[in-house]
Amino acid sequence: MKIENNNIEEEEKSLNFLEEIIENDLKNNVNNGRVHTRFPPEPNGYLHIGHAKSICLNFGLADKYKGLCNLRFDDTNPSKEEQEYVDSIKEDIKWLGFEWHKELYTSDYFDQLFDWAVMLIKQGKAYVDDQNQEEISKQRTSPTEPGIESPFRNRSVEENLKLFYEMRDGIHPEGSRILRAKVDMNSPNMHMRDPIMYRIMRAHHHRTGDKWNIYPMYDYAHGQSDFIEQITHSICTLEFENHRPLYDWFLDNIAQEGEDRPKQREFARLNLNYTVMSKRKLLELVKDGFVNGWDDPRMPTISGLRRRGYTPASIRAFAKRIGVAKRENVIDIAVLEHCVREDLNKTAPRIMAVLNPVKLIIDNYPEGKTEYVTAENNPEDENSGSREMPFAREIYIEREDFMEDAPKKFFRLTLGGEVRLKNAYIIKGESIVKDADGNITEIHCTYDVDTKSGSGSEASKRKVKGTIHWVSAKDAVKVDVKLYDRLFSDENPAGNKEVADYKELINPDSLQTLSNCFVEPSVMSAKSEDRFQFQRTGYFCLDKDSTPEKLIFNRTVTLKDSWSKKQK
RNA sequence: UGACCUAUGGUGUAAUGGUAACACAGCAGAUUUUGAUUCUGUCAUUCUAGGUUCGAGCCCUAGUAGGUCAACCA
């Protein structure tokens, strides 16, 4: 009964403003009850977590309302766009777990767009302007004063047509002429001051090759593409809000009475602290070598997060948790980290790994003996089973799990103190060996043979205040581990006014490579991108650059650590 | 100082004219063979001023603050 109630509560959870709009449209039978969205990336960079928000929104809305969602590449600027980006975008969307209805390209519509432009010229609603960029910009003046009409604004239809065809046919050089919509040079909205529809561009297009000498601008192409695809809800980010009247103006002049028309709606883009989110900046970090490519685990790109060990489910949960609204927002990176911990806690197998090893010798344990102890794979998942791991006289433990002069609250190994070796025995610190510099090289202990985990003996049930992880020295696998920290040391690197360039705020310690780590032998069977919890340390995944000789693990995120916090 | 948009705990998001709630973060405690997880408790919120109304976070007006717009980018 209680579960039923919970389900009802889930379903009746409050709607975001876009869901409200859609439900209202559905109720009024707008678009005959259809819901059709689209995700429209420009293939000029890799997708990042901000795009993930948009993807989850567009695909999620289509899913929720039994509609469709297209993937449409907005490829109207061949000077910036490349096939490599198309491929990566498709891979990232699939990895996130979404399937598009159709894969489409704005360039699929270049012929139709051209025909509509001719139609607008014939209706006296578009004209060819021979002025250069500077002159046009000057005539637009500023938002507070009226604009100045171009001297070419009232050319005859015949002349406009002739020139536009010539532009298409490559008669005129780049930059010499453009096609403008004749809207309103006095509009307080700058986008309405006779916006540019087409520019001359002699660039090779990744799909249409050298067919075109002119390419449409975003404002002329986007709404019409939505219209052609019969998109119902065209969802974009806030900075396009001022474009909406123009979006509608073109459709007013193109769509016929009674035809379904897309409506543009705007939401606030995602901002995350301690990172940057603009494609331009991310490209710069890649090109200038501040990171090792678009999929560097420190990047907020989808491919970076994937390599870091984030799961698709954790990113979807994140998108859901942050919500959708219209006000500017900055999400704490801790929310993303919480989402991945939440998922990995339920799904990641536990293994033992010692990142900063010190040798520990159990003096009263038989030399040469190896026994196997049983370890649960995941206490949060009862179906995950268990495994056997080797235990011997010499093991490695974490250097910070031992202290010579320990404070009272230190629950780990000390001289004369007891601690449990997880899944094995209780040991007691006896003595230490140091090198000439005073560094501890060996810790000698004794163990209580009756305290083996799971043996059921009275002694095994004894409580000791600490439990630490370990690996058998002769059986462990030596691996590399990469510890990642936030890429920027400033909360808002892009907005920091105290530095000339955001790159000055890059965290110099964002990557730390450890090459003397020991992991239990069961990892030998791990595959690239497999995720684990290194017990008591954090979540890690196997990097794709691993070889059978040298495994490389990336730290996704640490475990929450109230001990280190308390120490500060 | 033109147009458009926005304003709720530290950060997000709800409350649809009727008791301001949920999550993250923080703090305190319980449990724990991971100082994790889990559980409990706790701190903290409607930009300002008017107005409408029995009643306003919500509606209206004005102000203030922030964002966007003057690419042949998207």
Taking only residues two or more places apart in sequence or in another chain, which ones pass side-chain hydrogen bond (donor to acceptor under 3.5 Å, both in side chains) with A/Asn378? A/Arg350
Residues passing the side-chain hydrogen bond (donor to acceptor under 3.5 Å, both in side chains) test with A/Glu398, sequence neighbours excluded, are A/His469
Determine, for nucleotides 31-43 of chain B in 5'-to-3' order, which nucleotides have protein heavy atoms under 4.0 Å from the base (write B), from only the sugar-phosphate (write S), or from neither (write -). --BBBSB------
Each nucleotide in nucleotides 66-74 of chain B should get exactly one letter: B, S or -. Can you fill that in based on protein heavy atoms under 4.0 Å? -SBSBSBSB
Can you find a side-chain donor-acceptor pair between [X] and [Y] that sits under 3.5 Å?
{"X": "A/His243", "Y": "A/Asp219", "result": "yes"}
{"X": "A/Ser386", "Y": "A/Asn377", "result": "no"}
{"X": "A/Asn189", "Y": "A/Ser187", "result": "no"}

[atom1] atom, [N] versus [M]: distance in rounded Å?
{"N": "B/C58", "M": "B/A23", "atom1": "C1'", "result": "22 Å"}
{"N": "B/C47", "M": "B/G12", "atom1": "P", "result": "14 Å"}
{"N": "B/G63", "M": "B/C22", "atom1": "C1'", "result": "33 Å"}
{"N": "B/U45", "M": "B/C24", "atom1": "C1'", "result": "15 Å"}
{"N": "B/U38", "M": "B/U31", "atom1": "C1'", "result": "8 Å"}
{"N": "B/C73", "M": "B/A14", "atom1": "C1'", "result": "37 Å"}
{"N": "B/U52", "M": "B/A56", "atom1": "P", "result": "11 Å"}
{"N": "B/A65", "M": "B/G35", "atom1": "C1'", "result": "44 Å"}

Within 45° of the ring axis of A/Tyr127 and under 6.0 Å from its six-membered ring centre, is that where the NZ or CZ of A/Arg155 lies? no
Measure from the side chain of A/Asn329, starting at C-beta and using heavy atoms only, and say which of B/C24, B/C27, B/G12 lies closest. B/G12
Rounded to whole Å, please give me the gap between [atom1] in [X] and [atom2] in [N].
{"X": "A/Leu270", "N": "B/G12", "atom1": "CG", "atom2": "C1'", "result": "11 Å"}
{"X": "A/Phe318", "N": "B/U11", "atom1": "CZ", "atom2": "C1'", "result": "11 Å"}
{"X": "A/Glu20", "N": "B/U16", "atom1": "CD", "atom2": "C1'", "result": "7 Å"}
{"X": "A/Leu272", "N": "B/C24", "atom1": "CG", "atom2": "P", "result": "17 Å"}
{"X": "A/Arg265", "N": "B/C4", "atom1": "CZ", "atom2": "P", "result": "17 Å"}
{"X": "A/Arg244", "N": "B/A3", "atom1": "CZ", "atom2": "C1'", "result": "14 Å"}
{"X": "A/Arg269", "N": "B/G12", "atom1": "CZ", "atom2": "C1'", "result": "17 Å"}
{"X": "A/Ile21", "N": "B/U16", "atom1": "CD1", "atom2": "C1'", "result": "14 Å"}

Counting only N and O atoms by type, is there a donor-acceptor contact under 3.5 Å from the side chain of A/Ser460 to the main-chain atoms of A/Ser457? yes
For A/Asn132 and A/Ser176, indicate whether the former's side chain and the latter's backbone hold a donor-acceptor pair under 3.5 Å. no
Any salt bridge between A/Glu376 and A/Arg387, counting N to O under 4.0 Å? no
Taking the side chain as everything from C-beta on, heavy atoms only, tell me whether A/Phe73 gets closer than 4.5 Å to A/Glu42. no
Checking ring-ring contact (aromatic ring centres under 6.0 Å, His included) against A/Tyr215, which of A/Tyr198, A/Tyr220, A/Tyr109, A/Phe110 comes through? A/Phe110
Syn or anti for B/A21? Use the chi torsion, O4'-C1'-N9-C4 for purines and O4'-C1'-N1-C2 for pyrimidines, with syn inside 90° of 0. anti
Hey, where does RNA chain B pair up into stems, meaning at least three consecutive Watson-Crick or G-U pairs with distances under 3.5 Å? B:2-7 with B:64-69, B:10-13 with B:21-24, B:26-30 with B:38-42, B:47-51 with B:59-63
May I have all residue pairs that pass salt bridge (charged side-chain N to carboxylate O under 4.0 Å, His left out) and include part of residues 183-202 of chain A, sequence neighbours excluded? A/Arg153-A/Asp194
Going by the salt bridge (Lys or Arg N to Asp or Glu O under 4.0 Å) test, name the single residue among A/Arg462, A/Arg412, A/Lys428 that passes it with A/Glu418. A/Arg462
